[in-house]
Number of protein chains: 2
Amino acid sequence: MQEIDNQDVINNFITTSGYDGQFSFDPQQDTKLFHFAANDFIVKAGAPLTYLFYLVKGKAKLYDVLANGKVSLIDFFTPPCFIGEMELIEQRPETAFSMQAITDCWCLALPIRSLQKKLLADPIFLRQICLYFVHKNYRTVKTAGNNAAFPVAQRLASFILLTAHDGLYSEKHVQVAEYLGISYRHLLYVLAQFVKDGYLVKQQHHYKITNLDALTALAQDVNESTN
Amino acid sequence: MQEIDNQDVINNFITTSGYDGQFSFDPQQDTKLFHFAANDFIVKAGAPLTYLFYLVKGKAKLYDVLANGKVSLIDFFTPPCFIGEMELIEQRPETAFSMQAITDCWCLALPIRSLQKKLLADPIFLRQICLYFVHKNYRTVKTAGNNAAFPVAQRLASFILLTAHDGLYSEKHVQVAEYLGISYRHLLYVLAQFVKDGYLVKQQHHYKITNLDALTALAQDVNESTN
DNA sequence: CCTCAACTGTGAGATTTCTCATACTTATGA
DNA sequence: TCATAAGTATGAGAAATCTCACAGTTGAGG
């Protein structure tokens with residue numbers, strides 16, 4: 001994680017992302033900008049949360065580490081969205097989950113410690129956060145519906161497109177299987193199908209997308225229904 | 001839906017449910033109390049929403065009517081919880097979903113039209129609603145995890161216990177199948193298993209629970225993980 | 001009373017997905 | 001350098017779940 005000190009860049013992100021409309025005060029003074037390289041952690045479970053982040057560019061994923069030590073993928077995030085807002089609202093000092101950058105990510109960041117009281121008393125911010133929760137909730141309901149409603153191949157196609165990076169898919173199978181709610185074995189079956197059908201080609205440590213159209217077509221229903 | 005005008009009863013519900021802590025003002029003046037008989041609609045999709053409800057007693061269920069006309073069960077609610085808060089936050093005039101009473105329900109109710117502005121500017125209320133959303137979100141994530149993680153028999157057991165009324169289970173199979181994300185056919189298989197195993201007995205228009213312990217044991221893992 | 005739609009119920013075969021057993025490879029730490 | 005853990009990979013049989021085809025029951029409306 002690397003701070004970017006260029007005020008022009010910061011201001012540009014602030015205005016184009018709708019960030020400045022989230023508060024009743026002008027946040028520019030207190031706002032920093034951070035860059036996270038792909039695979040960096042934006043927040044790590046159990047670590048103290050020092051910033052309220054606002055993702056303005058990139059893709060990120062949210063993990064939960066279960067009691068038995070297993071890692072399970074919860075959800076994916078694209079701009080604009082808050083990160084750490086649940087902990088802020090609950091006034092809990094550390095993060096419950098881990099958020100990791102999939103691609104390079106840029107986040108506006110507001111220091112929590114000095115601003116928490118102000119934020120929790122700011123009706124505009126609270127209302128915006130409420131709206132954010134409502135939409136997130138709709139989305140979760142839809143997604144949950146999808147998981148029940150669509151076969152694995154379609155969801156996997158959607159998943160590959162979501163997480164692929166420069167046409168390369170390289171998620172850990174164990175985690176993906178858990179995210180999709182299927183067994184490791186079956187995931188490999190379906191991936192093998194995709195390879196057999198020419199959608200993917202297996203390479204050293206990843207899969208390369210060789211038929212983007214086919215995957216997109218497969219994923220279409222899932223995505224439509226989620227939007 | 002029937003208004004209950006007994007101020008003692010109202011006050012009792014207000015104080016025991018934590019309702020009065022949800023606002024920065026004293027809501028007692030504006031609060032009504034309604035009783036809904038089992039199977040009544042508390043809110044109906046598309047109808048104008050005139051009250052923000054706060055369920056203080058009973059069980060209710062939330063439906064979505066899909067584009068193709070099918071009905072799908074989204075979630076279940078037990079006290080204390082808000083009903084209509086998503087629409088209030090979004091300032092959308094009608095309800096998106098339908099909420100129906102499973103057992104007899106009692107709801108405190110605050111007229112929206114006259115109080116919307118006040119509520120949307122009330123930091124305490126907004127913060128409480130935010131907390132409510134956060135918890136609801138945790139719950140949804142857990143539930144979604146469960147649906148992937150547990151076999152149908154266990155989820156069905158949990159579901160039966162949740163919706164049963166006086167030891168009788170009488171949900172529409174079509175809707176339950178959709179809620180559990182399984183086919184109608186398979187639901188009947190599993191129900192038949194339960195009957196064969198002596199957990200349920202089929203009667204005229206419903207099933208009677210004949211082995212509560214067994215069902216509870218089956219549902220235990222699911223419920224534990226959801227709390 | 002008749003008809004239609006919705007709900008319930010069952011059988012049989014196909015498909016999806018799981019479990020288990022077993023290896024090979026790679027990274028990591030002692 | 002060796003041992004161990006984690007990730008990857010595959011086969012085979014079992015279990016879960018789906019699709020389809022068909023039929024009986026019930027309730028509402030003409």
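All chains are named by letter (A, B, ...) in the order of the sequence lines, taking the proteins before the strands, and each is independently numbered beginning at 1. Atom set for the values below is all heavy atoms of this structure, side chains included, hydrogens, waters and symmetry mates excluded.
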**Prompt:** Roughly, in whole Å, what's the span from NZ in K172(B) to C1' in dT26(D)?
**Reply:** 11 Å
**Fill in**
Rounded to whole Å, the CD-P distance (Q154(B) to dT17(D)) equals 11 Å
**Asked** For the residue pair F76(A) and Y179(A), does the interplanar ring angle fall in the parallel (under 30°), tilted (30 to 60°) or perpendicular (over 60°) class?
**Response** perpendicular
**Request:** Identify which nucleotide among dT19(C), dT8(C), dG13(C) has an atom closest to any side-chain atom of Y184(B), counting heavy atoms from C-beta outward.
**Result:** dT8(C)
**Asked** Hey, are Y19(A) and T31(A) close enough side-chain-wise for a donor-acceptor pair under 3.5 Å?
**Response** yes
**Fill in**
Against the side chain of Y189(A), the closest entry in dT17(C), dA16(D), dA9(D) is dT17(C)
**Asked** Do H206(A) and E171(A) get their side chains close enough for a donor-acceptor pair, meaning under 3.5 Å?
**Response** no
**Request:** Return the nearest nucleotide to the side chain of H186(A); candidates are dG27(D), dA9(D), dC18(C).
**Result:** dC18(C)
**Prompt:** Nearest to the side chain of V174(A) - dG7(D), dC18(D), dT19(C)?
**Reply:** dG7(D)
**Asked** Looking at dC7(C), dT17(C), dC18(D), which one has an atom nearest to any side-chain atom of I182(B)?
**Response** dC18(D)
**Asked** Rounded to the Å, how far apart are L188(A) CG and dT17(C) C1'?
**Response** 13 Å
**Message:** For F82(B), run the ring-ring contact (aromatic ring centres under 6.0 Å, His included) check against F133(B), Y132(B), F53(B) and tell me which one passes.
**Reply:** Y132(B)
**Prompt:** Hey, is the side chain of K202(A) poking within less than 4.0 Å of OP1 or OP2 on dA9(D), counting only N and O atoms?
**Reply:** yes
**Closest listed nucleotide, where the reference is the side chain of R185(B) and the choices are dA9(D), dC7(C), dT19(D)** = dT19(D)
**Item:** Separation of atom CD in Q203(B) from atom C1' in dT8(C), rounded to whole Å
**Value:** 16 Å
**Asked** Given dG9(C), is OP1 or OP2 found less than 4.0 Å from the side-chain N or O atoms of H173(B)?
**Response** yes
**Complete:** Rounded to whole Å, the CD-P distance (E171(A) to dT8(D)) equals 11 Å
**Fill in**
From CG of L187(A) across to C1' of dT10(D) the rounded distance in Å is 14 Å
**Item:** H205(B) NE2 - dC7(C) P separation (whole Å)
**Value:** 14 Å
